[in-house]
Amino acid sequence: VLLAAYLSYVGLGAGVLQALERPAEVQAAQHLLQQHWELLGNHTCLQGPALQRLIEGIIQAYKSGITLQGNTTSLGKWDYSGSFFFSISAITTIGYGNLSPSTAAGRIFCILFALFGIPLNLLLLNEIGQLMLLGVQHCARCIEEVFHWQKKASFLIKTCALVTGLLLFLLLPPLLFSEKEGWSYEEGFYYSFITLSTIGFGDYVIGMNPDRTYPGWYKNVISLWILFGMAWLALVIKFCISFLE
């Protein structure tokens with residue numbers, strides 16, 4: 001029964017996503033083809049295969065973190081702050097996919113780094129979650145002693161913890177992303193949940209726009225936000241699992 005419910009839920013999600021996203025995909029493909037033929041038609045000196053090789057080269061360079069800016073190129077995804085953020089995304093299993101090692105040595109190191117880093121990250125998240133839970137329970141006991149409430153105190157504190165977590169990890173961060181990344185609030189909220197849930201599609205990643213200048217503290221603060229936000233969301237998911245069971 002549980003397997004049937006699981007497959008039905010996934011199938012429903014697939015159907016809804018197909019209905020919502022397929023028309024936009026077809027429209028984008030048609031627009032790309034139109035631009036391609038217009039470029040070849042307006043510039044007869046260009047040849048189809050040569051243009052295709054140029055496009056593939058630009059795509060590959062972009063995946064490696066290199067973008068064209070006039071007559072120069074933009075580097076920066078593999079500076080120390082970018083490498084630090086990649087390390088966080090690797091051991092938290094977010095895996096945005098927009099950045100990956102391109103050398104054999106880098107890939108081998110990434111395997112070894114993640115092999116020991118993922119258990120270390122899970123251990124840290126578990127400890128942070130336990131500290132959060134102990135803090136909530138301590139506050140509940142204090143309220144019970146002061147006001148002589150029983151179930152009301154526990155419910156009140158859990159509600160406050162949930163609302164505080166929503167504010168700190170899901171509702172307020174999009175405002176920062178709107179300022180630093182130029183995203184809309186909806187895009188920032190989407191990025192926040194996709195990151196903290198470790199889904200990590202990679203369509204939105206902070207600190208990767210070559211046209212923007214980011215302060216040095218930005219990625220470090222976001223890394224801490226990811227750690228504490230994942231611990232908080234893990235507690236919420238744990239509660240949801242208990243409810244479903």
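Remark: Tyr214 engages Glu181 in a side-chain hydrogen bond (donor to acceptor under 3.5 Å, both in side chains) (not counting sequence neighbours). The ring-ring contact (aromatic ring centres under 6.0 Å, His included) check on Phe201 picks up nothing, with sequence neighbours excluded. Contacts of Glu187 classified as side-chain contact (heavy atoms from CB on, under 4.5 Å), with partners at least two apart in sequence or in another chain: Trp183, Ser184, Tyr204. Leu170 pairs by the side-chain contact (heavy atoms from CB on, under 4.5 Å) definition with Leu166, Phe189, Ser192, Phe193, Leu196, Trp232, not counting sequence neighbours. Evaluation of the side-chain hydrogen bond (donor to acceptor under 3.5 Å, both in side chains) rule for Gln35 yields His31 as partners, not counting sequence neighbours. Not counting sequence neighbours, the partners of Val10 by the side-chain contact (heavy atoms from CB on, under 4.5 Å) test are Tyr6. Remark: Phe113 pairs with Ser87, Ile91, Phe109 by the side-chain contact (heavy atoms from CB on, under 4.5 Å) rule, at least two apart or across chains.
Cluster partners of Leu122, using a side-chain heavy-atom cutoff of under 4.5 Å among ILVMFWY residues and allowing indirect links, are Ile118. Its side chain outside the 4.5 Å cluster rule for every partner, Leu134 clusters with none of the Ile, Leu, Val, Met, Phe, Trp and Tyr residues. Other residues sharing a hydrophobic cluster with Leu20 under the 4.5 Å side-chain heavy-atom criterion for ILVMFWY residues are Leu12, Val16.
What you find for Glu179 and Arg212 is that their closest heavy atoms are O-NH1, 3.7 Å. In terms of heavy atoms, Ala19 sits closest to Pro23 at O-CD, 3.5 Å.
Residues Leu168 and Tyr191 share a single hydrophobic cluster, defined by chaining ILVMFWY side chains whose heavy atoms lie under 4.5 Å apart. A chain of hydrophobic side-chain contacts below 4.5 Å, direct or via other Ile, Leu, Val, Met, Phe, Trp or Tyr residues, connects Ile237 to Ile226. Follow the hydrophobic side-chain contacts under 4.5 Å out from Val163 and you reach Leu172 in the same cluster. Placement of Val236 and Leu131 in two distinct hydrophobic clusters is found when ILVMFWY residues are connected by side-chain heavy-atom separations under 4.5 Å, directly or transitively. Taking hydrophobic clusters as Ile, Leu, Val, Met, Phe, Trp and Tyr residues chained together by side-chain heavy-atom distances below 4.5 Å, Leu2 does not share a cluster with Ile241.
To the nearest 0.5 angstrom, Leu133 atom CG is 13.5 Å from Ile128 atom CD1. Between Ser8 atom OG and Leu3 atom CG the span is 9.0 Å, to the nearest 0.5 Å. A distance of 10.0 Å separates OG1 of Thr198 from OH of Tyr96, quoted to the nearest 0.5 Å. Here CE of Met230 is found 5.5 Å from OG1 of Thr93. Values are rounded to the nearest 0.5 Å. Taking OG1 of Thr164 as the start and CG of Leu171 as the end, the distance is 11.0 Å to the nearest 0.5 Å.
Listed by first and then second residue, the salt bridge (Lys or Arg N to Asp or Glu O under 4.0 Å) pairs that reach into residues 21-46 are Arg22-Glu25, sequence neighbours excluded. Listed by first and then second residue, the salt bridge (Lys or Arg N to Asp or Glu O under 4.0 Å) pairs that reach into residues 192-203 come to none, sequence neighbours excluded.
Between Pro101 and Phe86, the closest side-chain pair of non-hydrogen atoms falls below 4.5 Å. The shortest side-chain heavy-atom distance between Ile222 and Leu176 falls under the 4.5 Å cut-off. Side-chain contact between Lys180 and Ile206 is absent, with no heavy atoms from C-beta onward closer than 4.5 Å. Put simply, the side chain of Ile88 does not reach to within 4.5 Å of the side chain of Asn121, judged on heavy atoms.
Within a 6.0 Å sphere centred on CH2 of Trp37, other residues, nucleotides and ligands contribute 12 heavy atoms or fewer. Atom CZ of Phe228 has 12 or fewer heavy atoms from other residues, nucleotides or ligands within 6.0 Å. Residue-environment remark: CZ (Phe84) stays at or below the threshold of 12 foreign heavy atoms within 6.0 Å.
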>> What verdict does the side chain to side chain contact (heavy atoms under 4.5 Å, CB included) test give for Tyr218 and Phe85, after you've listed the backbone C-alpha separation in whole Å, the side-chain angles of each residue and the deciding distance to 0.1 Å?
In response: CA-CA 10 Å; Tyr218 183 52; Phe85 190 72; over 6 Å; no

>> Run the side chain to side chain contact (heavy atoms under 4.5 Å, CB included) test on Leu224 and Asn220 for me, step by step, so that the C-alpha distance in whole Å, both residues' side-chain angles and the decisive distance to 0.1 Å come before the verdict.
In response: CA-CA 7 Å; Leu224 291 176; Asn220 297 329; over 6 Å; no

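Phe177 pairs in a ring-ring contact (aromatic ring centres under 6.0 Å, His included) with only one of the listed residues (Tyr185, Trp225, Tyr190), which is Trp225.
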